[in-house]
Amino acid sequence: MTEMKGERVRSLVDQAREVRDRAYAPYSKFPVGAALYCEDGSVILGCNVENASYPLGLCAERAAVATAVTEGHHRFLAIAVVGSGPRPLTPCGGCRQVLSEFGDLWIIAASGTDGTIRQYRLSQLLPESFGEADLL
Ligand code: THU
């Protein structure tokens with residue numbers, strides 16, 4: 001896959017930043033937004049959804065994947081993620097594994113406080129990952 005165009009990257013980051021406002025994060029006070037870019041051009045959004053039973057909280061990336069699959073999308077090109085801290089937010093380990101189910105996406109990690117954006121391939125962040133082929 002060729003590098004994501006700058007305009008597309010900026011648009012995905014903007015959408016992730018907007019949906020971050022809908023996060024339900026009363027415990028961590030760390031809202032996260034994600035914008036999942038599908039092969040057909042659709043953009044599916046997700047935010048983190050926490051729970052008083054802390055481990056049941058859902059990350060923004062996984063919320064976006066669940067909504068996308070529910071809406072019939074399985075082919076993803078990229079995901080933009082915006083957290084609340086200065087460091088561009090790369091998906092947590094569990095989300096990397098969940099995303100890897102759907103291929104070697106571009107991961108667009110954006111700072112929650114300034115304009116810093118970093119771009120990775122998922123395989124850089126989760127090398128030698130466990131997948132379907134390992135079950136055969
Ligand atoms: N969080 C995400 O939504 N995505 C990540 O990749 C890292 C962490 C959420 C989980 C929790 O609601 C809050 O950020 C603090 O960890």
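By convention here, the first residue in the shown sequence is residue 1. In listed order, ligands and their atoms are each counted from 1.
- Checked by atom type, the side-chain pair Glu50/Ser28 shows a donor-acceptor distance below 3.5 Å.
- Counting only residues at least two apart or in different chains, ring-ring contact (aromatic ring centres under 6.0 Å, His included) contacts with residues 16-52 comprise Tyr27-Tyr54.
- Applying the side-chain contact (heavy atoms from CB on, under 4.5 Å) criterion to Ser53, with sequence neighbours excluded, gives Asn51, Pro55, Leu56.
- Listed as neighbours of ligand 1 are Ser28, Phe30, Val32, Asn48, Glu50, Cys59, Ala60, Glu61, Leu89, Pro91, Cys92, each bearing a heavy atom under 4.0 Å from the ligand.
- With sequence neighbours excluded, the residues that form a side-chain hydrogen bond (donor to acceptor under 3.5 Å, both in side chains) with Thr90 are Arg96.
- Residues Phe102 and Val65 form a side-chain contact, since some pair of their non-hydrogen atoms from C-beta on lies under 4.5 Å apart.
- No side-chain N or O of Asp14 forms a donor-acceptor pair with one of Ser11 less than 3.5 Å apart.
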